[in-house]
Amino acid sequence: VFCQAGFASICAIAFQPMMCYAHPNGMHSVLKYPGTFCGDDQHAVMLAFGAVLCFLAFGFLVVCSVAAWKIPKWSMAQERQKVQAFR
């Protein structure tokens with residue numbers, strides 16, 4: 001349960017800097033932080049941290065996918081330690 005909630009939270013936080021909206025004057029701001037304009041230095045830092053979080057979330061998704069693929073084989077081979085590591 002913790003990993004599911006953590007994954008959802010990390011993804012939500014990681015994508016926030018990537019959501020910009022347009023002002024009537026042609027400028028764009030981050031949806032969650034209207035005082036931060038898209039393309040400025042502060043936004044670049046937010047994008048960098050968001051990219052790192054996306055990379056971590058993608059890594060977690062890959063590990064879960066590999067485990068889901070291999071667990072039936074490990075179960076058939078009686079490799080209980082590997083199966084329990086992903087419970």
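Numbers for residues simply follow the sequence, beginning at 1.
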**Student:** So, using ring pair (Phe, Tyr, Trp, His ring centres under 6.0 Å) as the criterion, who are the partners of His28 when residues are at least two apart?
**Tutor:**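 Applying ring pair (Phe, Tyr, Trp, His ring centres under 6.0 Å) to His28 gives none.
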**Student:** Answer yes or no: are there more than 12 heavy-atom neighbours, outside Tyr21 itself, under 6.0 Å from its atom OH?
**Tutor:**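 Counting other residues, nucleotides and ligands, OH of Tyr21 exceeds 12 neighbours.
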**Student:** Any link between Val63 and Trp74 through a network of hydrophobic side chains (Ile, Leu, Val, Met, Phe, Trp, Tyr) touching at under 4.5 Å?
**Tutor:**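 Yes, same cluster.
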**Student:** Is there a continuous path of hydrophobic side-chain contacts, each under 4.5 Å between heavy atoms, that joins Leu47 to Phe15?
**Tutor:**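 They do share one cluster, since a chain of ILVMFWY contacts under 4.5 Å joins Leu47 to Phe15.
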**Student:** Which residues satisfy the disulfide (SG to SG under 2.5 Å) test with Cys11, sequence neighbours excluded?
**Tutor:**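 Checked Cys11 against disulfide (SG to SG under 2.5 Å); zero matches.
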**Student:** Is any side-chain heavy atom of Tyr33 closer than 4.5 Å to one of Gln42?
**Tutor:**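 Gln42 vs Tyr33: side chains apart.
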**Student:** Would you give the length of the straight line joining atom OG of Ser9 to atom CG of Leu53, rounded to the nearest 0.5 angstrom?
**Tutor:**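 Interatomic distance, Ser9 OG to Leu53 CG, rounded to 0.5 Å: 11.0 Å.
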**Student:** Are Glu79 and Gln81 close enough that some pair of their side-chain heavy atoms sits under 4.5 Å apart?
**Tutor:**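 Side-chain contact under 4.5 Å: no.
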**Student:** Between Ala14 and Pro17, which heavy-atom pair has the shortest distance, and what is it?
**Tutor:**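 Looks like O-CD, 3.3 Å.
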**Student:** At their closest point, which heavy atom of Cys54 faces which heavy atom of Met18, and how far apart are they?
**Tutor:**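 Result for this residue pair: SG-CE, 4.0 Å.
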**Student:** Is there a continuous path of hydrophobic side-chain contacts, each under 4.5 Å between heavy atoms, that joins Phe58 to Val66?
**Tutor:**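 In one cluster: yes.
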**Student:** Report yes or no: do Ile10 and Phe7 belong to one cluster of Ile/Leu/Val/Met/Phe/Trp/Tyr joined by side chain heavy-atom distances under 4.5 Å?
**Tutor:**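 The answer is no; the residues belong to distinct hydrophobic clusters.
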**Student:** Which distance, rounded to the nearest 0.5 Å, do you find between the CG of Asp41 and the CE of Met46?
**Tutor:**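 Rounded to the nearest 0.5 Å, the CG-CE separation comes to 13.0 Å.
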**Student:** Judged by atom type as modelled, is there a donor-acceptor pair below 3.5 Å linking the side chain of His43 to the main-chain atoms of Thr36?
**Tutor:**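 Such a contact is absent between His43 side chain and Thr36 backbone.
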